*Asks:* 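Let me give you the structure first, and then I'll get to my questions.
Hydrogens, waters and symmetry mates are skipped; everything else that's a heavy atom, side chains included, is used. Worth saying up front: this structure is predicted, and the values here are computed from it rather than measured. Position 1 is the first residue of the sequence; numbering continues from there.
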Amino acid sequence: MKILFLACLSPKTGNHTTAERIRSHIESAGHTCELRDAADFQSPAEVAHLISRNPPFEAALAIHLFRAGRLLLDIQVPFGVIFGGTDINEDVKVEKKRVVMEQVLLKARFAVAFTDKLKEEAELFLLSPSRKIYVQPQGIRSEVTENFCWTDFLRSSGISSEHVEELRVFLLVCGLRRVKDPLYLLHVFSEWHCDNPLNVLVIIGPKIDPVLTAEVEAFVQRTAGVFLAQERSQQELHAAMKRCSAVVNSSVSEGMSAAILEAMDLGVPVLARDIPGNAAVVQHEFTGLLYSSPQEFIHQSQRLLSDPELRERVVRNGKLYVEEHHGLKQERQTYQQLVDTLL
């Protein structure tokens, strides 16, 4: 079967990684799956025209009900959708978008939510029958590049210290866009750094929103202890994560953060903002630490640094959690079975 797969494909983002992984699951079952960026299309009519080209596509798939799913409304072949997170957590609050997403869900043959919470929210706000929505957590695969130099990484991020091995590096992994709220912790972290210069925060991720990127760059330039790293390949990012003291998430909204799960898989502690998408995977003091204010972030960070037993516990349980709930085998099986329903 020839399948068109639409997703938001900003380079080096979680969405892109997820789409590529799901595409490989589908192709391993013998299908042809063409992954295209939803941003390349202006209207459902353009996608309908692409679908009908010779040889035509026989089915379609989309990640994100509004950004990609709405583009499938005019096609005459069956399709499925995967919730992105912001579609259910944020876009449903805008009535115009909510109505469109309801139409997409009504027409879709199936939908996939990463968490039970996301499924419940979709059923509540989009009036969807429960049987149409399947819950499949993200599958995680972390890969570390072998020839990674931690000192070079820090130096290229603007950190020049004679005490590299003593630094406590907190890594905020996020694309620079509003929903990730990269400015949320910077002021309090800088104050903490001034009290103890060995504590530093490095932000790393693609520069998606140019206005916010300029704000972050300006803040970093005038603020002590906070740095902005250049984008890296997935393997280099994972190598940097493996060397840091903790991986940080400060998002306003998440479907399911791949960076959090990758950190757990790599044996790195996670400090995540207490929002539904994060709380679905981070159990406080068991698989990671949650915080609900910048001040609480500092408190939880201090606990993590001063309590080896707490650190060891969240690392051990986080890794076990990912192995048990986020395996690639189950994810592959789920998507292959769902795609078969499009035949």
*Asks:* Which atom names give the shortest non-hydrogen contact between Leu65 and Ile88, and what distance separates them?
*Replies:* CD1-CD1, 4.0 Å
*Asks:* What I'd like to find out is whether the side chain of Ile203 reaches to under 4.5 Å of the side chain of Cys174, using heavy atoms alone.
*Replies:* yes
*Asks:* Return the minimal non-hydrogen interatomic distance between Val270 and Met264, and the atom names on each side.
*Replies:*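 Shortest heavy-atom contact: CG2-CG, 4.1 Å.
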*Asks:* Locate the shortest heavy-atom distance separating Gly139 from Leu328; write the atom from each residue and the value.
*Replies:*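 The answer is C-CD2, 3.8 Å.
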*Asks:* List for me each residue that meets ring pair (Phe, Tyr, Trp, His ring centres under 6.0 Å) alongside His31, sequence neighbours excluded, and say none if there are none.
*Replies:* none
*Asks:* Any heavy-atom pair between the side chains of Leu6 and Leu72 that's under 4.5 Å?
*Replies:*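 Side chain of Leu72 against side chain of Leu6, heavy atoms only: contact under 4.5 Å found.
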*Asks:* Where the side chain of Asn317 meets the backbone of Phe286, is there a donor-acceptor pair that is under 3.5 Å apart?
*Replies:* yes
*Asks:* Flag the pair Arg67 / Asp87 as yes when at least one side-chain heavy-atom distance between them is below 4.5 Å, and no otherwise.
*Replies:*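 Heavy-atom side-chain distance check fails, nothing below 4.5 Å.
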*Asks:* Say you draw a straight line from CD1 of Ile75 to NZ of Lys107; how long is it, rounded to the nearest 0.5 Å?
*Replies:* 6.5 Å
*Asks:* Within this structure, what is the OG-CD distance for the pair Ser257 and Glu262, rounded to the nearest 0.5 Å?
*Replies:*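 Result: 8.0 Å between the selected atoms.
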*Asks:* Applying ring pair (Phe, Tyr, Trp, His ring centres under 6.0 Å) as the test, list every pair that has at least one member in residues 58-85; sequence neighbours left out.
*Replies:* none
*Asks:* Whether Asp91 and Arg98 form a salt bridge (side-chain N of Lys/Arg under 4.0 Å from carboxylate O of Asp/Glu) is what I want to check.
*Replies:*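 No.
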*Asks:* Between Val252 and Leu212, is there a shared hydrophobic cluster once you connect ILVMFWY residues whose side-chain heavy atoms come closer than 4.5 Å?
*Replies:* no
*Asks:* Name all pairs fulfilling the ring pair (Phe, Tyr, Trp, His ring centres under 6.0 Å) condition that reach into residues 296-317, sequence neighbours left out, sorted by first residue then second.
*Replies:* Tyr291-Phe297
*Asks:* For atom NE2 of His49, decide whether the heavy atoms of other residues, nucleotides or ligands shown that lie under 6.0 angstrom number more than 12.
*Replies:* no
*Asks:* Can a donor-acceptor pair be found, under 3.5 Å and without considering hydrogens, that links the side chain of Arg109 to the backbone of Thr341?
*Replies:*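 Side chain of Arg109 to backbone of Thr341: a pair is present.
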*Asks:* Are Ile26 and Leu61 packed together at the side-chain level, in the sense that at least one heavy-atom pair is separated by less than 4.5 angstrom?
*Replies:*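 Ile26 vs Leu61: side chains touch.
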*Asks:* Are Leu271 and Leu172 linked, directly or through intermediate hydrophobic residues, by side-chain heavy-atom contacts shorter than 4.5 Å (ILVMFWY only)?
*Replies:* yes
*Asks:* Would you say the side chain of Leu73 lies within less than 4.5 Å of the side chain of Val104, judging by non-hydrogen atoms?
*Replies:* yes
*Asks:* Whether the Ser52 and Gln76 side chains hold a donor-acceptor pair (N or O, under 3.5 Å, no angle test) is what I'd like checked.
*Replies:*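 Checked: Ser52/Gln76 side chains show no N/O donor-acceptor pair below 3.5 Å.
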*Asks:* Rounded to the nearest 0.5 Å, what's the gap from OH on Tyr321 to CG on Leu261? Could you check?
*Replies:*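 So the OH of Tyr321 and the CG of Leu261 are separated by 6.5 Å.
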*Asks:* By side chain to side chain contact (heavy atoms under 4.5 Å, CB included), which residues pair with Arg155, not counting sequence neighbours?
*Replies:* Thr151, Asp152
*Asks:* Between Asp265 (side chain) and Arg141 (backbone), is there a donor-acceptor pair under 3.5 Å?
*Replies:* no
*Asks:* Determine whether Met256 and Thr18 satisfy the following criterion, side chain to side chain contact (heavy atoms under 4.5 Å, CB included), listing intermediate values before the conclusion.
*Replies:* CA-CA 11 Å; Met256 179 172 281; Thr18 300; over 6 Å; no
*Asks:* How far apart are the closest heavy atoms of Pro206 and Glu231, and which atoms are they?
*Replies:* CA-CD, 3.4 Å
*Asks:* What closest approach, in Å, do Asn199 and Leu305 show between heavy atoms, and which atom pair accounts for it?
*Replies:*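 Nearest heavy atoms, Asn199 then Leu305: OD1-CD1, 3.9 Å.
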*Asks:* Walk me through it: do Val282 and Ile260 pass the test side chain to side chain contact (heavy atoms under 4.5 Å, CB included)?
*Replies:* CA-CA 8 Å; Val282 179; Ile260 285 178; 3.8 Å; yes
*Asks:* Working to the nearest 0.5 Å, report the span between CD1 of Ile275 and OG of Ser253.
*Replies:*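 One finds 6.0 Å between CD1 of Ile275 and OG of Ser253.
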*Asks:* Just by distance, do the side chain of Lys132 and the backbone of Ala108 share a donor-acceptor pair under 3.5 Å?
*Replies:*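 Yes, Lys132 side chain to Ala108 backbone: donor-acceptor pair under 3.5 Å.
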*Asks:* Drop me the distance from His284's NE2 to Asn278's CG, to the nearest 0.5 angstrom.
*Replies:* 13.5 Å
*Asks:* Going by side chain to side chain donor-acceptor pair (under 3.5 Å), Glu331 matches just one of Gln136, His25, Gln138. Which one?
*Replies:* His25
*Asks:* Taking Ser250 for its side chain and Asp181 for its backbone only, find out whether a donor-acceptor pair lies under 3.5 Å.
*Replies:* yes
*Asks:* Whether Glu34 and Arg23 form a salt bridge (side-chain N of Lys/Arg under 4.0 Å from carboxylate O of Asp/Glu) is what I want to check.
*Replies:* no
*Asks:* Check each of Arg303, Gln300, Arg313 against Glu285 using the side chain to side chain donor-acceptor pair (under 3.5 Å) test, and report the only one that passes.
*Replies:* Arg303
*Asks:* Is the shortest side-chain heavy-atom distance between Val281 and Thr287 below 4.5 Å?
*Replies:*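 No - every pair of side-chain heavy atoms lies 4.5 Å or more apart.
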*Asks:* Taking everything shown except Arg222 itself, do over 12 heavy atoms lie less than 6.0 Å from its CZ?
*Replies:*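 Atom CZ in Arg222 is crowded, with more than 12 foreign heavy atoms closer than 6.0 Å.
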*Asks:* Do you know the tightest heavy-atom contact between Pro55 and Lys2?
*Replies:* O-NZ, 2.9 Å
*Asks:* Spell out, as yes or no, whether a donor-acceptor pair under 3.5 Å connects the side chain of Lys242 to the backbone of Val144.
*Replies:*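 Answer holds: no.
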*Asks:* Answer yes if Met241 and Val314 sit in the same cluster of Ile, Leu, Val, Met, Phe, Trp and Tyr residues linked by side chain heavy atoms under 4.5 Å apart, and no otherwise.
*Replies:*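 Cluster IDs for Met241 and Val314 differ.
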*Asks:* Going through the distances and angles, do Gln330 and Thr334 end up as a side-chain hydrogen bond (donor to acceptor under 3.5 Å, both in side chains)?
*Replies:* CA-CA 6 Å; Gln330 181 57 53; Thr334 297; 3.2 Å; yes
*Asks:* Treating Ile, Leu, Val, Met, Phe, Trp and Tyr as nodes and any side-chain heavy-atom pair under 4.5 angstrom as an edge, say whether Val322 and Leu290 lie in one connected cluster.
*Replies:*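 Same hydrophobic cluster.
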*Asks:* What I want to check is whether the side chains of Arg232 and Ser156 have a donor and an acceptor closer together than 3.5 Å.
*Replies:*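 Yes, a side-chain donor-acceptor pair sits under 3.5 Å.
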*Asks:* Measuring only between side-chain heavy atoms, which start at C-beta, is His187 closer than 4.5 Å to Pro294?
*Replies:* no
*Asks:* Centre of Phe41's six-membered ring, under 6.0 Å away, within 45 degrees of the axis: is that where NZ or CZ of Arg36 sits?
*Replies:*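 Here Arg36 fails the 6.0 Å and 45° test against Phe41.
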*Asks:* Under 4.0 Å between a side-chain nitrogen and a carboxylate oxygen: does that hold for Glu165 and Arg243?
*Replies:* yes
*Asks:* Using only heavy-atom distances, determine whether the side chains of Glu236 and Ser233 contain a donor-acceptor pair under 3.5 Å.
*Replies:* yes
*Asks:* Tell me whether Val226 is reachable from Leu176 by hopping between hydrophobic residues (I, L, V, M, F, W, Y) whose side-chain heavy atoms are closer than 4.5 Å.
*Replies:* yes
*Asks:* Any side-chain heavy atom of Leu4 sitting closer than 4.5 Å to one from Val77?
*Replies:* no
*Asks:* To the nearest 0.5 angstrom, please state how far the OH atom of Tyr335 sits from the CD atom of Gln333.
*Replies:*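 These two atoms lie 13.5 Å from each other.
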*Asks:* Pairs in or reaching into residues 209-258: which pass ring pair (Phe, Tyr, Trp, His ring centres under 6.0 Å), with residues at least two apart or in two chains?
*Replies:*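 Matches after skipping sequence neighbours: none remain.
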*Asks:* Just do the side chain to side chain contact (heavy atoms under 4.5 Å, CB included) check on Leu106 and Leu127 with the steps written out, would you?
*Replies:* CA-CA 9 Å; Leu106 187 68; Leu127 307 177; over 6 Å; no
*Asks:* Under the ring pair (Phe, Tyr, Trp, His ring centres under 6.0 Å) definition, can you give me all pairs with a residue in residues 137-177, not counting sequence neighbours?
*Replies:*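 The answer is Phe148-Phe153, Trp150-Phe153, Phe170-Phe189, Phe170-Trp192.
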*Asks:* Let's go through Val200 and Leu154 carefully: what are the C-alpha distance in whole Å and the side-chain angles of both, what is the deciding distance for side chain to side chain contact (heavy atoms under 4.5 Å, CB included) to 0.1 Å, and is it a yes or a no?
*Replies:* CA-CA 10 Å; Val200 295; Leu154 294 176; 5.7 Å; no
*Asks:* Determine whether a donor-acceptor pair (N or O, by modelled atom type, separation under 3.5 Å) exists between the side chain of Ser190 and the backbone of Gly225.
*Replies:*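 Answer holds: no.
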